[in-house]
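Residue numbers start from 1 in every chain, and the chains themselves are labelled A, B, ... in the order their sequence lines are given, proteins ahead of strands.
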Amino acid sequence: MTVRTRYAPSPTGALHIGNVRSGLFAYLFARHNRGAFVLRIDDTDRERSTRESLDEILESLRWLGVDWDEGPPDPRYFQSNRFDRYREGARQLLREGKAYRCDCTAADLDGMRKQAEREHRKPGYDGRCRDKRTAAELANTELPDKRAGRDYTIRFRSPREGVTVVDDLIKGRAVFENRELDDLIIFRSDGVPTYNFATVLDDADFGMTHIVRGDDHLPNTPRQIQIFYALGLQPPAYAHLPMVMGPDGQKLSKRHGATSVFAYRDLGYFPEALLNYLVRLGWSHGDQEIFSRAEMIEFFDFAECGKSAGIFNAEKLLWLNFHYMKTLPIERLVGDVKPFIARRGWKIPGDDVWLAKMIATLRERAKTLVELVDFASFYLNDEIAIDPKAAAKFLKPEIGPALAAVAGELDALADSEFAETSIQAAFTRTLDRFGIKLGQLAQPVRVALTGGTVSPGIYEVIAVLGRERSVRRLRNAHELCASAQ
RNA sequence: GGUCCCAUCGUCUAGUGGUUAGGACACCGGCCUCUCACGUCGGGAACGCGGGUUCGACUCCCGCUGGGAUCACCA
């Protein structure tokens with residue numbers, strides 16, 4: 001049997017990184033087994049589902065490179081297009097006496113819950129409508145439709161005895177007492193099926209062999225298994241992944257700050273880094289930390305998944321991003337950096353070869369693309385702002401002549417010679433002439449060229465900046481020195 | 001509160017009865033050096049507690065404690 005897994009986000013918000021990790025693991029398991037990865041949109045909640053969320057989810061997945069074999073834009077993979085199927089499933093259960101009509105209103109239920117809480121009983125539904133109707137009445141029950149006056153719900157008749165066993169691929173065996181499971185609503189009074197019911201029908205219809213999801217779904221699993229049985233279907237295998245927590249140990253959510261895939265993309269992270277970080281949170285392969293997509297697929301296995309929740313560690317993600325910053329092909333960075341330059345409102349250089357040289361000098365100094373562009377300001381703009389404190393410290397009158405001399409040396413270099421080795425030679429000649437050490441000249445030059453005291457190696461800065469701009473900035477600095485006191 | 005899940009450095013983790021308990025992030029120090037980085041070398045840092053089982057437990061069992069999830073006409 002070929003493996004089929006699915007990822008079923010609901011388009012009610014941004015694609016969250018804790019959530020997308022479940023999708024990633026489902027994806028890796030399917031790819032590892034040369035099976036199919038299905039993307040399904042759980043949009044039965046029409047109130048909260050939005051087109052914008054759907055677009056963001058799809059775009060996030062594409063950006064990460066988590067590609068699906070079946071799913072959108074195919075309309076069959078939207079729950080909102082499968083209502084006929086859900087109605088058919090509900091009618092089947094009604095016909096067979098495995099579901100029943102419940103007349104309790106939302107207010108009734110709420111009152112019951114509060115009452116139970118006061119009396120320290122468990123808050124579940126007590127099943128008061130369970131035996132109110134005969135089999136024949138149930139078989140003829142129409143599905144709810146508030147607008148047509150059928151303001152009731154349909155509940156699943158859950159078994160009250162015995163146990164339901166979940167043999168989880170990650171957690172092992174969990175046994176649930178059936179008497180703990182109350183009769184859950186499968187069809188709302190507005191004629192919309194609920195999650196647990198629609199999911200079962202979908203997973204069955206789409207031939208899912210393995211359900212990979214967060215372990216917050218574990219309590220739902222015995223209910224879903226019972227629905228499979230009631231429908232006369234064989235439940236799939238389950239793999240419940242431990243959750244991702246925020247630094248406070250609570251389930252990761254928007255209140256923990258940046259948590260969406262888009263947020264990290266916009267912060268200048270690489271999809272490789274995010275994927276690599278996510279896959280190592282809850283899964284390991286010996287001591288290996290860096291995984292290419294191909295390696296993830298090759299090595300992935302539920303047996304190597306941990307059982308305990310993990311805390312999201314932004315610093316490790318940053319380190320991974322830095323790793324990819326240093327090792328990704330430079331051409332890739334050239335393409336990736338452009339939107340970030342544009343966002344700063346700066347002109348994007350037309351020369352990719354030059355951009356590549358620029359990036360080469362900065363990639364070991366920036367952990368994100370945003371940071372890299374920040375550092376690149378002096379390369380990308382003709383005018384630079386000189387930090388007053390740096391100027392006061394390094395652009396003193398006595399260094400002015402040396403600055404002018406270096407400018408002259410550089411100006412004399414032929415275009416074909418304008419490279420690091422000849423630039424270094426120009427420095428050496430100046431140093432000899434003035435009898436000073438490189439340390440005494442490099443910082444003033446650095447301030448002159450970049451406006452600050454921190455930059456890549458001074459020869460590479462000059463090489464990238466080019467003769468014209470370097471000379472101009474050095475001469476400007478020379479004047480500053482002269483006027484300083 | 002009921003049910004379920006979980007428990008090795010601060011964090012992510014390796015470890016499957018006998019190890020100086022390993023790696024990574026972060027942190028601290030040395031080296032390299034034109035600044036900052038990169039790189040490199042080194043350092044501190046963990047088996048929650050109590051019972052068993054065993055010649056021997058981080059590893060197996062039980063209890064406790066602690067943490068988490070979930071108990072909707074959300075998904």
Touch class at under 4.0 angstrom, heavy-atom based, for A:V175 against every strand present: sugar-phosphate
Nucleotide B:G23, atom P - distance to CH2 of A:W319 in whole Å: 14 Å
Touch class at under 4.0 angstrom, heavy-atom based, for A:G124 against every strand present: nothing
OP1 or OP2 of B:A14 under 4.0 Å from side-chain N/O of A:S284: yes
Sugar-phosphate only, base, or nothing, as touched by A:T153 at under 4.0 Å among non-hydrogen atoms: base
Distance test, side-chain N/O of A:K171 to OP1/OP2 of B:C5, below 4.0 Å: no
Euclidean distance, atom CZ of residue A:R173 to atom P of B:C4 [Å, nearest integer]: 14 Å
Over 12 non-hydrogen atoms of neighbours within 6.0 angstrom of NZ in A:K114: no
Sugar-phosphate, base or nothing in reach of A:A174, heavy atoms under 4.0 Å: sugar-phosphate
Gap between atoms CE and C1', on A:M112 and B:A72 respectively (whole Å): 13 Å
Sugar-phosphate, base or nothing in reach of A:F176, heavy atoms under 4.0 Å: sugar-phosphate
Candidate nucleotides B:U70, B:C74, B:C5, ranked by approach to the side chain of A:K251 - the nearest: B:U70
A:W319 ring center near A:Y277 ring center (under 6.0 Å): no
Atom C1', compared across B:U59 and B:U16: separation rounded to whole Å: 6 Å
Where protein sits on nucleotides 32-40 of chain B, one letter per nucleotide: B base, S sugar-phosphate only, - none, heavy atoms under 4.0 Å: --BBBBSS-
Touch class at under 4.0 angstrom, heavy-atom based, for A:R113 against every strand present: sugar-phosphate
Lys/Arg N to Asp/Glu carboxylate O, A:D215 vs A:K307, below 4.0 Å: no
Interatomic distance at P, B:G48 relative to B:A14, whole Å: 15 Å
Plane angle bin for A:F37 and A:Y27 - parallel if under 30°, tilted between 30 and 60°, otherwise perpendicular: perpendicular
Within residues 419-435 of chain A or reaching into it, pairs that qualify as side chain to side chain donor-acceptor pair (under 3.5 Å) - sequence neighbours excluded: A:E409-A:R429
P spacing across the pair B:A21 / B:C9, given as an integer number of angstrom: 16 Å
Paired nucleotide for B:C74 [Watson-Crick or G-U wobble; both distances under 3.5 Å]: none
Ring-base stacking, A:H217 with B:A69 (5.5 Å, 30° cut-offs): no
A:R188, nearest nucleotide to its side chain (from B:A69, B:C74, B:C71): B:C74
Nucleotide nearest A:L281 (side chain, heavy atoms from C-beta), chosen from B:G23, B:C12, B:A69: B:C12
A:F187 and A:F197 aromatic ring geometry - parallel, tilted or perpendicular at 30°/60° bounds: perpendicular
Nearest-angstrom distance, C1' atom, B:A7 to B:U40: 37 Å
A:S308 or A:N220, whichever maps to the more 5' nucleotide of RNA chain B: A:S308
Side-chain ion pair, A:D202 and A:R6, N-O less than 4.0 Å: no
Presence of A:R21 side-chain N/O under 4.0 Å of B:C12 phosphate oxygens OP1/OP2: no
Residue mapping more 5' on RNA chain B - nearest nucleotide basis, A:P123 or A:E315: A:P123
Paired nucleotide for B:C4 [Watson-Crick or G-U wobble; both distances under 3.5 Å]: B:G68
Verdict with reasoning, A:F156 to A:Y100, per ring-ring contact (aromatic ring centres under 6.0 Å, His included): CA-CA 7 Å; A:F156 177 62; A:Y100 61 90; 9.2 Å; no
Short N-O contact, A:R40 and A:D42, less than 4.0 angstrom: yes
Touch class at under 4.0 angstrom, heavy-atom based, for A:S189 against every strand present: base
A:E117 (side chain) and B:G1 (base): donor-acceptor pair under 3.5 Å: no
Separation of B:C74 C1' from A:F197 CZ (nearest whole Å): 17 Å
Identified pairing partner of B:U20, criterion: Watson-Crick or G-U wobble below 3.5 Å: none
B:C49: pairing nucleotide in any strand, Watson-Crick or G-U under 3.5 angstrom: B:G63
Nearest listed nucleotide, side chain of A:R280, among B:G23, B:C5, B:U70: B:G23
A:Q288 CD to B:U13 C1', straight-line distance once rounded to whole Å: 13 Å
Length of the CD1-C1' vector between A:I311 and B:G67, whole Å: 10 Å
For B:G42, the Watson-Crick or wobble counterpart (both distances under 3.5 Å): B:C28
Gap in Å between the two P atoms, one belonging to B:C74 and one to B:C62, rounded: 40 Å
For B:U35, the Watson-Crick or wobble counterpart (both distances under 3.5 Å): none
Sugar-phosphate, base or nothing in reach of A:T44, heavy atoms under 4.0 Å: sugar-phosphate
Sugar-phosphate, base or nothing in reach of A:C104, heavy atoms under 4.0 Å: base
Distance, rounded to the nearest Å, where A:R48 contributes CZ and B:C73 contributes P: 14 Å
Distance flag, aromatic centroids of A:Y77 and A:F206, threshold under 6.0 Å: yes
Integer angstrom distance from the C1' of B:A37 to that of B:C31: 15 Å
Whole angstrom value for the distance that separates P of B:C4 from CG of A:N178: 12 Å
Pairs where residues 176-186 of chain A contributes a residue and the test salt bridge (Lys or Arg N to Asp or Glu O under 4.0 Å) is met, not counting sequence neighbours: A:K122-A:E180, A:R130-A:D183, A:E177-A:R179, A:D182-A:R223
